[in-house]
Each structure stands twice: as structure tokens, then as C-alpha cells.
Visitor: 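Before I ask anything, here is the structure I am working with.
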Number of protein chains: 2
Amino acid sequence: MRNNQELLSLLVDMAKATRCCQQDSSYGEDITFTQFYIINLIAEQGTLRLTDLHALLSVEKSTSTRLIDPIVQRGYVKKEKSACDCRAIDLTLTEKGHETNIEHWKCLNDFFNQLLAEIPEDKQEEVFSCVVLFLKAVKKVFNHPGCS
Amino acid sequence: MRNNQELLSLLVDMAKATRCCQQDSSYGEDITFTQFYIINLIAEQGTLRLTDLHALLSVEKSTSTRLIDPIVQRGYVKKEKSACDCRAIDLTLTEKGHETNIEHWKCLNDFFNQLLAEIPEDKQEEVFSCVVLFLKAVKKVFNHPGCS
DNA sequence: CCTCCATAGTTGTATGATACAACTATATTG
DNA sequence: CAATATAGTTGTATCATACAACTATGGAGG
């Protein structure tokens, strides 16, 4: 069994890895990791309601407003009032947004290939399911009333 | 094999988990996760050179200066010029800092117990070693010249 | 048809983490 | 001693983020 110092280090390392992802520019110099992820989400779904973005990113609604702002300004994403509900905002990709998505996926694929290369092939499946399990556990505990 | 959409989701989930850790107040209302970690590090080592902190946190030196600032202000940590090198700063815990460390470890232990409870006992060892492996892989790729 | 409440988004304001560059002060080495 | 390297601080800027107050719109019940 692990002791709790090791677990704390694990959380800190996770924070570091996250920081690396968010600061790296594999997904482009012009947009951040989160912004790329948003573009990717819109690309997947065609149209994305801003409300749904709050949920997908697990952030406060004002945060999603502000996250999309730069990519709207820079012409990656189009923001339109929904036809069926005037309060709502529908997000779609511009041509530039589509190109960017494809372009950055190339870089991301390279990144993932390198990542996989660091993990023995016969362990990859195990590693990923374990990481998923771990992240789910963390998430679940934070939803519990717990110590906080 | 996983497809890369799943891998991307994994990274995003990792970022969410990190955010949870950093916003949660299990380790106290008065200090942040990183600040608690710093206090814990000083407690472990007795005295910590500020330079060493840059490395332990993997941050720029100006960042560590600013991270310790609030906990120095609030009287958890004492900042003193090193006797042997006048340029250097030695960090030590105050009495309050020690108490805080012990207090917050109680909360953190609870948190880890809850976390472990979410993972079947016979899988815990596997899960943690896989997460470690994964984080190491991420770290290693970012050190490579790679796509960025 | 109103009224009341709920929902979608925006804006003001504040905080934390972070980097880079320029700077000061001190140590070390040739 | 001079030149260079190291430790830390400060100015400045950016991103992510939350909460609260606000506007505008939609829906449900009388």
C-alpha cells in the first residue's frame, strides 16, 4: 500500500502534467489547450449550445463566455442567437476554425504517438483504464460532502 | 487501442481533477493546495532553500517567490537569509505553520481514505503504479523537442 | 393576457498561478 | 580584482476561474 505522502506527490505530479499540457503549444501558438478543446467539441457536434459548454467543461457560465471570447474574436468560432430560443447562443466553426481543428489534430496525434511510445504496448490498455478509474475516483470524492 | 479522442478526453478530465484539487478546501480555507504542499515540503525537510522550491514545484523562480509570499505574510512560514550564502533564502515553519500542517494532514488523510474507498482494494496498487507511469510518460514527451 | 419564476448569457470585480525580462546583491573562479 | 554565475525580487502581462448583480427571454398558472 501507498502512503499518503506518495499520494500527495501523485496529485502534485498530476497538476504539473496538466500545467505542461496547458502551456505547451502543440495545439498552436494562437490558441490555448482549452480553446482547442472547445473548437474540437464544436467540430464534433456541428453546433454547440453555450449552455452545454458549461457542462462539458465543468465551469461556471461566465467562464465559458470568457473562454470562447478570444476564439470568436480571432474568427475561429461563430456565435449566433439560437433560432428557437432567443436567449441561447449557438456556436459553430468558421472555415478558419475547421482548418485549425484539422491542423492541430495533426500535432496532437503526433503528441499522442509519442506518449504511447513511452508506454509498453502490452500495458497501454491497462494504463489508460487505470487512469480513467483514478480520475473517476477523484471526481466522485469531490462530489461527496467529505472533509471540505 | 484507444482512439485519440478518448486520449484528449482523458487529458481534459485530468485537468478537471487538478482544478478540483486546487479549488477544494479540504486542506483549509486560508491556504491553497500549492501553499499547503509547500508547507508540507518545509515540514518534511526542516529547512528548505527557496532555490530548491523552484525545482520541487517545477516553476519559474519568480513564481516561487510569489507562492510563498502569502504564507509568509500570514505567519505560516519564516523567511531568513541563509547564514552560509547571503543571497539565498531559507524557509522554515513557524509554530502556526507546524500546527497547520498537522491539521491539514488530517483532512488530507480523510480525503485519501475516501479516494481509496472508490478503488477496489485489490486494484489500488495497480491503479497507482499505472497513474505514475502515465504521468511520467506525459512528462517525458514534453521534454522532447516533439511537435511543439 | 398578465405575473412570476426559471433560464441563458454578459459584465464587473477579484483572485490565483504563471511566465518573462530587467534588476540588485552576492558568490566564485581565474 | 574582474568577469561571470547564482539567488531572489519586482514590473508587467496573461489565462483560468468564480461569484454576484444584471438584462433579456421563455414558460406556466391563473
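Note on naming: letters A, B, ... go to the chains in the order of the sequence lines (proteins, then strands), and numbering restarts at 1 for each one. Reckoned from all heavy atoms, side chains included, excluding hydrogens, waters and symmetry mates.
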Visitor: Tell me the interatomic distance from Ile31(B), atom CD1, to dA17(C), atom C1', rounded to whole angstroms.
Guide: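 For the pair Ile31(B) CD1 and dA17(C) C1', the rounded distance is 16 Å.
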
Visitor: Please report the distance, rounded to the nearest Å, between CG in Asp30(B) and P in dG16(C).
Guide: 10 Å

Visitor: Does any N or O in the side chain of Gln22(A) come within less than 3.5 Å of the main-chain N or O of Thr32(A), such that one atom is a donor and the other an acceptor?
Guide: no

Visitor: Just do the side chain to side chain contact (heavy atoms under 4.5 Å, CB included) check on His104(B) and Ile31(B) with the steps written out, would you?
Guide: CA-CA 10 Å; His104(B) 292 167; Ile31(B) 54 177; 3.4 Å; yes

Visitor: Check the distance between dG9(C)'s C1' and Asp90(A)'s CG and give it to me in whole angstrom.
Guide: 13 Å

Visitor: Can you give one letter per nucleotide of nucleotides 13-18 of chain D, going 5' to 3': B for a protein heavy atom under 4.0 Å from the base, S for sugar-phosphate only, - for none?
Guide: --SSBB

Visitor: Looking at Lys79(A), I'd like to know whether one of its side-chain N or O atoms comes within less than 4.0 Å of OP1 or OP2 on dT10(C).
Guide: yes

Visitor: Checking side-chain polar atoms at under 3.5 Å, does Trp105(B) have a donor or acceptor matched by the opposite partner on Asn40(B)?
Guide: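 The criterion, which ignores hydrogens and geometry beyond distance, is satisfied for Asn40(B) and Trp105(B).
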
Visitor: Nearest whole Å is fine: how far is dT18(C) P from His54(B) NE2?
Guide: 14 Å

Visitor: Rounded to whole Å, how long is the line connecting atom CG of Leu53(B) with atom C1' of dG8(D)?
Guide: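 Those two atoms, CG and C1', are 12 Å apart.
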
Visitor: Report each atom pair, protein N/O against N/O of nucleotides 3-6 of chain D, whose distance is under 3.5 angstrom.
Guide:
from: dT6(D); atom 1: O2; to: Arg87(B); atom 2: NH1; distance (Å): 2.7

Visitor: Hey, is Asp90(A) close enough to Arg49(A) for a salt bridge, meaning N to O under 4.0 Å?
Guide: yes

Visitor: Verify, without hydrogens or angle tests, whether Lys96(B) (side chain) and Arg74(B) (backbone) share a donor-acceptor contact under 3.5 angstrom.
Guide: yes

Visitor: Check the distance between dT23(D)'s P and Ile89(A)'s CD1 and give it to me in whole angstrom.
Guide: 18 Å

Visitor: Do any N or O atoms from the side chain of Thr94(B) and from the backbone of Tyr76(B) form a donor-acceptor pair under 3.5 angstrom?
Guide: yes

Visitor: Answer with yes or no after comparing the ring centroid distance for Phe134(B) and Phe134(A) against a 6.0 Å cut-off, counting only values under it.
Guide: no

Visitor: Rounded to whole Å, how long is the line connecting atom CD of Glu80(B) with atom C1' of dA7(D)?
Guide: 16 Å

Visitor: With side chains defined as the heavy atoms from C-beta onward, is the minimum distance between Thr47(B) and Ile42(B) less than 4.5 Å?
Guide: no

Visitor: Please report, rounded to the nearest Å, how far the P atom of dT15(C) is from the CG atom of Asp69(B).
Guide: 15 Å

Visitor: Judged by each residue's nearest nucleotide on DNA chain C, which is more toward the 5′ side, Thr65(A) or Asp85(B)?
Guide: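 Result of the comparison: Thr65(A).
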
Visitor: Quick check for you: to the nearest 0.5 Å, what is the distance between Cys130(A) atom SG and Glu125(B) atom CD?
Guide: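 Nearest 0.5 Å value for the SG-CD distance: 11.0 Å.
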
